[in-house]
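A note on names: the letters A, B, ... follow the listed sequences, proteins ahead of strands, and every chain is numbered from 1.
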Number of protein chains: 2
Amino acid sequence: MNSLRLTVNVVIFSLREDALQVLLTPANTQTWALPEKSVEPDESLEQSALAAFSRLPRPPEIYLEQLYTYGDPGRIPGQRIVSAVYFALIPMDVRGTESGAMAWHRLDRLPGLAHDHAEIIAYALRRLRYKLEYSAVGFELLPDEFTLSELQQTYETILGEKLDKRNFRRRILEAGIIEATPHRRSGDGRPAQLYRYRPDAVAEVKARRLFP
Amino acid sequence: MNSLRLTVNVVIFSLREDALQVLLTPANTQTWALPEKSVEPDESLEQSALAAFSRLPRPPEIYLEQLYTYGDPGRIPGQRIVSAVYFALIPMDVRGTESGAMAWHRLDRLPGLAHDHAEIIAYALRRLRYKLEYSAVGFELLPDEFTLSELQQTYETILGEKLDKRNFRRRILEAGIIEATPHRRSGDGRPAQLYRYRPDAVAEVKARRLFP
DNA sequence: AGAATAGTGTCTCTCAGACATTATTTG
DNA sequence: CAAATAATGTCTGAGAGACACTATTCT
């Protein structure tokens with residue numbers, strides 16, 4: 001008989017329609033909320049987090065990381081709920097994510113949010129931007145094979161600033177964390193070389209910010 | 001009637017006797033443990049963390065930050081305890097910290113530790129080293145006024161490597177995050193200029209690693 | 001041929017890192 | 001004056017950032 005409840009929330013980011021978006025679930029007629037799940041006595045926090053957005057095609061390609069645990073009494077009126085919040089990235093080519101009533105929302109046009117969820121999302125975004133600068137997290141939002149232009153657009157969208165094309169390519173390629181595949185992608189203009197991420201090369205990422 | 005319990009643990013670091021040390025409490029005759037406290041329904045996680053090492057002289061000079069929440073079923077045999085772990089730094093001149101049976105232990109000579117506490121401490125140390133590179137956290141371990149040699153020794157002790165004196169001074173001073181005080185400290189040789197930390201200048205710290 | 005996107009190289013400037021000697025105080 | 005610690009400046013190399021044109025494909 002403990003009047004304290006433990007839940008897990010997940011901030012799920014993806015790039016959709018050239019914008020960074022979060023997956024939300026309706027809280028009531030006015031507001032939306034982060035996907036949530038009670039932590040069962042026999043399941044790990046990470047398992048709970050994955051269960052919070054279970055219906056997805058969920059291959060290894062989902063990046064999941066613990067973000068922060070929110071537990072102030074009063075963060076949810078009338079109840080004492082401690083929430084371990086996780087942070088997830090879904091590649092832009094994964095479909096069928098809007099299971100049930102969940103829907104994607106652009107970060108620059110967020111709806112009204114329940115409790116402290118706006119604050120949580122703001123923090124998750126800061127963390128995503130920050131991680132982008134010193135880790136290889138950007139690739140978790142891309143398909144297995146991607147062009148350098150797509151990679152650059154991903155960085156630009158998340159950081160909210162334009163990057164120089166030549167410098168971007170030089171640094172990414174010199175870092176050795178991607179490699180060309182035998183494929184090319186045809187589109188409007190000249191077809192582009194496709195690259196793939198080399199997870200084995202990530203160990204080399206230093207605290208020094210290797211890529212843009 | 002929830003069979004899941006929520007506690008807070010604190011990894012408390014300080015520099016004592018020229019070594020980085022952790023404050024531990026005896027778990028049984030063989031092993032030691034991180035200070036721990038159950039989270040009460042009406043108190044915040046941070047309040048619980050502070051209460052976990054309450055008897056200290058506790059002015060504003062204690063740095064406290066949430067580290068990670070450990071919650072795997074099975075991390076503590078026979079019970080399901082979820083622990084929000086905090087990370088604290090105590091300046092080296094604060095005395096009277098060994099209240100009760102708590103004692104400082106050098107990180108290079110840790111005793112046997114309960115449950116997953118060795119893993120937790122290892123993670124906290126990684127985080128401390130990492131933060132030292134891009135934030136001003138090093139000052140939280142020093143007295144209000146300190147010499148440049150003391151500051152450098154702090155960095156060297158935590159990072160576990162020697163740093164170049166001239167480069168260290170140049171970078172710290174150019175960063176503008178410390179200022180000379182009117183005082184000097186006499187010792188064995190030539191007296192040293194005392195400096196003080198300028199918390200207002202910390203906002204300028206970028207992701208780019210300003211100091212050594 | 002024109003539209004669209006991919007792909008490429010150089011220069012400059014800043015900053016990190018290596019390095020040794022002089023200055024001030026105490027006993 | 002000897003011992004101890006504090007304080008100081010220069011050079012070099014690597015890498016970040018600014019910058020504009022050519023190449024390939026499709027219609």
Side-chain angles (χ1 to χ4, degrees), chain A residues 18 129 132-135 138 142-143 145-157 159-196 201 204-212, chain B residues 18 129-130 132-135 138 142-143 145-157 159-196 204-212:
Chain A
D18 291 318
R129 284 184 172 153
L132 205 63
E133 298 201 333
Y134 69 87
S135 82
L142 288 167
E145 301 200 346
F146 49 85
T147 67
L148 287 178
S149 294
E150 286 169 343
L151 180 59
Q152 182 172 349
Q153 278 163 31
T154 299
Y155 274 75
E156 288 176 342
T157 301
L159 296 177
E161 58 182 304
K162 286 285 170 200
L163 302 172
D164 179 86
K165 192 178 184 176
R166 282 166 295 185
N167 293 339
F168 184 86
R169 287 169 183 239
R170 170 165 34 93
R171 285 162 69 178
I172 279 286
L173 292 173
E174 282 174 1
I177 58 167
I178 59 175
E179 62 190 0
T181 72
H183 312 126
R184 291 194 304 163
R185 173 173 303 162
S186 293
D188 255 350
R190 171 175 171 179
Q193 176 65 242
L194 283 168
Y195 290 83
R196 105 165 47 94
E204 301 161 24
V205 176
K206 312 200 208 81
R208 225 34 171 295
R209 190 210 220 199
L210 270 191
F211 2 101
Chain B
D18 291 318
R129 284 186 171 151
Y130 189 71
L132 204 63
E133 298 202 334
Y134 69 87
S135 83
L142 288 166
E145 302 199 344
F146 49 84
T147 67
L148 287 178
S149 295
E150 287 169 343
L151 181 59
Q152 182 172 349
Q153 279 162 29
T154 299
Y155 273 75
E156 288 176 342
T157 301
L159 296 176
E161 58 181 303
K162 286 283 170 202
L163 301 172
D164 180 87
K165 192 176 183 177
R166 282 166 294 185
N167 293 339
F168 183 86
R169 287 169 183 239
R170 171 166 32 94
R171 285 161 70 179
I172 278 286
L173 292 173
E174 281 175 2
I177 58 167
I178 59 176
E179 63 189 0
T181 71
H183 313 125
R184 290 195 304 162
R185 172 173 303 162
S186 294
D188 255 351
R190 169 175 173 177
Q193 178 64 242
L194 283 168
Y195 291 83
R196 104 165 49 92
E204 302 161 24
V205 176
K206 312 200 208 81
R208 229 30 175 300
R209 191 210 220 198
L210 271 190
F211 2 99

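- Contact between B:Arg196 and B:Glu145 at its shortest, heavy atoms only, is NH2-OE2, 4.0 Å.
- Atom CZ in A:Arg171 sits roughly 8 Å away from atom C1' in D:dG17 (whole-Å rounding).
- Nucleotide C:dA6 holds its P atom 13 Å from the CZ atom of A:Phe168, rounded to whole Å.
- Among the heavy atoms of the strands lying under 4.0 Å from B:Ser149 are primed sugar atoms or P, OP1, OP2 only; no base atom is included.
- Listed candidates were D:dT8, C:dG7, C:dC19. Nearest to the side chain of B:Arg169 is D:dT8.
- Partners of B:Arg170 according to the side chain to side chain contact (heavy atoms under 4.5 Å, CB included) rule, which considers only residues two or more places apart in sequence or in another chain, are B:Asn167, B:Glu174.
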- [ ] Could you give me the CA-CA distance, side-chain angles and deciding distance for B:Leu132 and B:Thr154, then say whether side chain to side chain contact (heavy atoms under 4.5 Å, CB included) is met?
- [x] CA-CA 10 Å; B:Leu132 204 63; B:Thr154 299; 5.8 Å; no
TODO: In sequence, state the C-alpha distance, the side-chain angles, and the governing distance for B:Tyr195 and B:Leu173, and then conclude on side chain to side chain contact (heavy atoms under 4.5 Å, CB included).
DONE: CA-CA 10 Å; B:Tyr195 291 83; B:Leu173 292 173; 3.9 Å; yes
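- In this structure, NZ of A:Lys162 is placed 15 Å from P of D:dA18, rounded to the nearest angstrom.
- Regarding B:Arg185, its CZ atom lies at a distance of 16 Å from the C1' atom of C:dT25, rounded to whole Å.
- Atom CG in A:Leu163 sits about 13 Å away from atom P in D:dA16, given to the nearest Å.
- The separation between A:Leu148 atom CG and C:dT8 atom C1' is 12 Å, rounded to whole Å.
- Interface remark: the A:Arg170 side chain does form a donor-acceptor pair with the D:dG17 base, using a distance-only criterion of under 3.5 Å.
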Please write out the pairs of protein N or O atoms and N or O atoms of nucleotides 20-27 of chain D separated by less than 3.5 Å, giving the distance to one decimal.
from	atom 1	to	atom 2	distance (Å)
D:dA20	N1	A:Arg166	NH1	3.3
D:dA20	N3	A:Arg166	NH1	3.4
D:dA23	N3	A:Arg190	NH1	3.1
D:dT24	O4'	A:Arg190	NE	3.4
D:dT25	OP1	A:Arg184	NH1	3.4
D:dT25	OP1	A:Arg184	NH2	3.2

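- Atom CG of A:Asp18 sits in a sparse spot, with 12 or fewer heavy atoms from other residues, nucleotides or ligands closer than 6.0 Å.
- Under the rule for a side chain to side chain contact (heavy atoms under 4.5 Å, CB included), B:Arg190 has no partner lying at least two apart in sequence or in another chain.
- Spacing between atom CG of A:Leu173 and atom P of D:dG15 amounts to 15 Å, rounded to whole angstrom units.
- Following rounding to the nearest Å, A:Gln193 (CD) and C:dT8 (P) show an atom-to-atom distance of 9 Å.
- The two residues A:Glu156 and A:Leu163 make their nearest non-hydrogen contact at OE2-N, 2.9 Å.
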